[in-house]
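All figures in this text were calculated on a predicted structure; none of them were measured in a lab. Here is how names work: the chains are called A, B, and so on, in the same order as the sequence lines, proteins then strands, and each is numbered from 1.
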Protein chains: 2
Amino acid sequence: MKQVRNTAQRRLVLSIVRGRRDHPTADQIYKQARARDARISCGTVYRNLNFLAAHGDILRLSVPEGPDHFDLRTDDHGHFCCLRCGTVVDAAVDALDGLGVENFGLPGFRVDRISLVLSGICPNCLQSSTENTEVPK
Amino acid sequence: MKQVRNTAQRRLVLSIVRGRRDHPTADQIYKQARARDARISCGTVYRNLNFLAAHGDILRLSVPEGPDHFDLRTDDHGHFCCLRCGTVVDAAVDALDGLGVENFGLPGFRVDRISLVLSGICPNCLQSSTENTEVPK
DNA sequence: GTAACTGCAAACACTTTGCGAAGCA
DNA sequence: TGCTTCGCAAAGTGTTTGCAGTTAC
């Protein structure tokens, strides 16, 4: 069993994710970490984000375009990702309720995670471009 | 209106995706294309995959780890992605039935696409490593 | 004391893009 | 003929990693 160390950098990264209500990217977390500790490196931020996600302390979320986002909520819930500005917000959980593993026609598979990602345009972006109603490429 | 050209390369890429029952990555499609046309380039394959996806002829699918996959099916359905070998398979559609946009508590958002991705271990990988039942990092 | 961790920078995997040439409509 | 597309190669983006030095336990 590998012993785990509680370093200042790891505590900093976790507190940043926990202190936000949105879904920051690694780069946003890195920038915020630098503001508090001018010496912390990008690699360390990624290593700690991966560590925390692997230990179930935070959630790593891939979206169709752009970098991964991180979420302090680790329970099953959906996300919406704006294809124009990249913003990620939570979507109601209850849509996932009753979706058991057995509902997917996958006998013999071990399902560990369920990820529901909606994509489209957020209200902000809809408003700032009323003329364009096309789906962006 | 931009006129569209029906080039040999575009037809080749589309026929490759349509000719497969699995969910190939861009690289797999590129390799297969090279076997039929030794001069086709990687950039052209990507450009055509993007073009075809934007025109609704195929579907581009991002999975939690690794490169995007492409799917000849463009109707709403879920996917399972094996965290060990990367294989992607279809999951039953009916789990998504009745999931209307209004079910997600996102008033004011325009939802264009719904992506449901399950991840875990496929039967093949489960069998080839009975000893290891951990979730891979 | 020692193994886990860090900072740094270089490498990595995947994808996009600028450019001049080629070829479809 | 004109404008879309191609091949090529280089650049871009996001993330991981090797190494030597540091630090928590």
Side-chain angles (χ1 to χ4, degrees), chain A residues 1-14 16-17 23-55 57-70 81 83 85-86 88 136-137, chain B residues 1-14 16-17 23-55 57-70 81 83 85-86 88 136-137:
Chain A
M1 183 67 182
K2 195 178 178 182
Q3 74 171 307
V4 166
R5 290 193 188 165
N6 184 21
T7 64
Q9 291 88 340
R10 184 165 299 158
R11 271 180 273 122
L12 175 56
V13 168
L14 181 56
I16 287 174
V17 178
H23 302 74
T25 63
D27 188 61
Q28 293 174 312
I29 295 162
Y30 170 61
K31 286 203 173 66
Q32 198 171 338
R34 286 292 281 218
R36 287 216 246 159
D37 170 3
R39 302 198 20 73
I40 196 170
S41 75
C42 171
T44 295
V45 169
Y46 272 100
R47 269 187 287 237
N48 279 309
L49 286 171
N50 284 340
F51 175 94
L52 293 167
H55 283 246
D57 296 318
I58 62 176
L59 199 76
R60 183 172 195 153
L61 172 72
S62 9
V63 295
E65 273 157 349
D68 286 358
H69 292 246
F70 295 86
C81 176
L83 295 171
C85 67
V88 171
K137 300 198 179 174
Chain B
M1 182 65 183
K2 195 179 178 183
Q3 73 172 311
V4 166
R5 290 196 188 163
N6 184 21
T7 64
Q9 292 88 340
R10 184 165 298 158
R11 273 180 272 122
L12 175 57
V13 168
L14 181 56
I16 286 174
V17 177
H23 302 73
T25 62
D27 188 61
Q28 293 175 312
I29 294 162
Y30 170 61
K31 285 203 174 66
Q32 197 172 338
R34 285 293 279 217
R36 286 217 245 161
D37 170 3
R39 302 197 21 74
I40 197 171
S41 75
C42 171
T44 295
V45 169
Y46 272 101
R47 267 187 286 237
N48 279 308
L49 287 171
N50 284 340
F51 175 95
L52 294 167
H55 282 246
D57 296 318
I58 62 175
L59 198 77
R60 184 173 194 154
L61 173 71
S62 11
V63 294
E65 273 157 350
D68 287 358
H69 292 246
F70 294 86
C81 176
L83 295 171
C85 68
V88 171
K137 298 194 180 177

- Query: Starting at the 5' end of DNA chain C, which residue's closest nucleotide do you reach first, B/Arg11 or B/Cys42?
  - Reply: B/Cys42
- Message: Taking B/Ala33's backbone N and O only, do any of them form a donor-acceptor pair with B/Asp37's side chain (distance below 3.5 Å, no angle check)?
- Response: no
- With a 4.0 Å cut-off on heavy atoms, is B/Asn48 in touch with a base, just the backbone sugar-phosphate, or nothing at all? sugar-phosphate
As a test of reading the structure: which of [options] is closest to the side chain of [X], going by heavy atoms?
| X | options | result |
| --- | --- | --- |
| A/Arg47 | C/dG7, C/dT15, C/dC19 | C/dG7 |
| B/Arg60 | D/dT4, C/dT16, D/dC25 | C/dT16 |
| B/Ser41 | D/dC8, C/dC8, D/dT16 | D/dC8 |

Looking only at side-chain N and O atoms, does [X] come under 4.0 Å of OP1 or OP2 in [N]?
| X | N | result |
| --- | --- | --- |
| A/Arg5 | C/dT2 | no |
| A/Thr44 | C/dG7 | yes |
| B/Gln9 | D/dG7 | yes |
| B/Tyr46 | C/dT16 | no |
| A/Arg10 | C/dC5 | yes |
| A/Arg39 | D/dT22 | no |
| A/Thr7 | C/dT6 | yes |

- Message: Could you check whether any side-chain heavy atom of A/Arg60 comes within less than 4.5 Å of a side-chain heavy atom of A/Leu49, counting everything from C-beta outward?
- Response: no
- Determine whether A/Phe51 and A/Val13 make a side-chain contact, defined as any pair of heavy atoms from C-beta on separated by less than 4.5 Å. no
Can you tell me the distance, in whole Å, between the [atom1] atom of [X] and the [atom2] atom of [N]?
| X | N | atom1 | atom2 | result |
| --- | --- | --- | --- | --- |
| B/Lys31 | C/dA13 | NZ | C1' | 12 Å |
| B/Phe51 | C/dT17 | CZ | C1' | 18 Å |
| B/Leu49 | D/dC6 | CG | C1' | 15 Å |
| A/Gln3 | C/dA4 | CD | C1' | 7 Å |
| B/Leu52 | D/dT5 | CG | P | 11 Å |
| A/Glu65 | C/dT15 | CD | P | 12 Å |
| A/Lys2 | D/dA24 | NZ | P | 17 Å |
| B/Ile40 | C/dA22 | CD1 | C1' | 14 Å |

- Task: Of all the heavy-atom pairs spanning A/Cys42 and A/Tyr30, show the shortest one and how long it is.
- Result: N-CE1, 3.3 Å
- Query: What are the two closest non-hydrogen atoms of B/Ser62 and A/Pro64, and how far apart are they?
  - Reply: OG-CA, 3.0 Å
- Any N or O donor-acceptor pair linking the side chain of B/Arg34 to the base of D/dG7 at under 3.5 Å? no
- Task: On DNA chain D, check which nucleotide each of B/Asn6 and B/Gly43 is closest to and give me the residue with the more 5' one.
- Result: B/Asn6
- Item | The single option from A/Val88, A/Asp68, A/Thr25 passing side chain to side chain contact (heavy atoms under 4.5 Å, CB included) against A/Leu61 | A/Val88
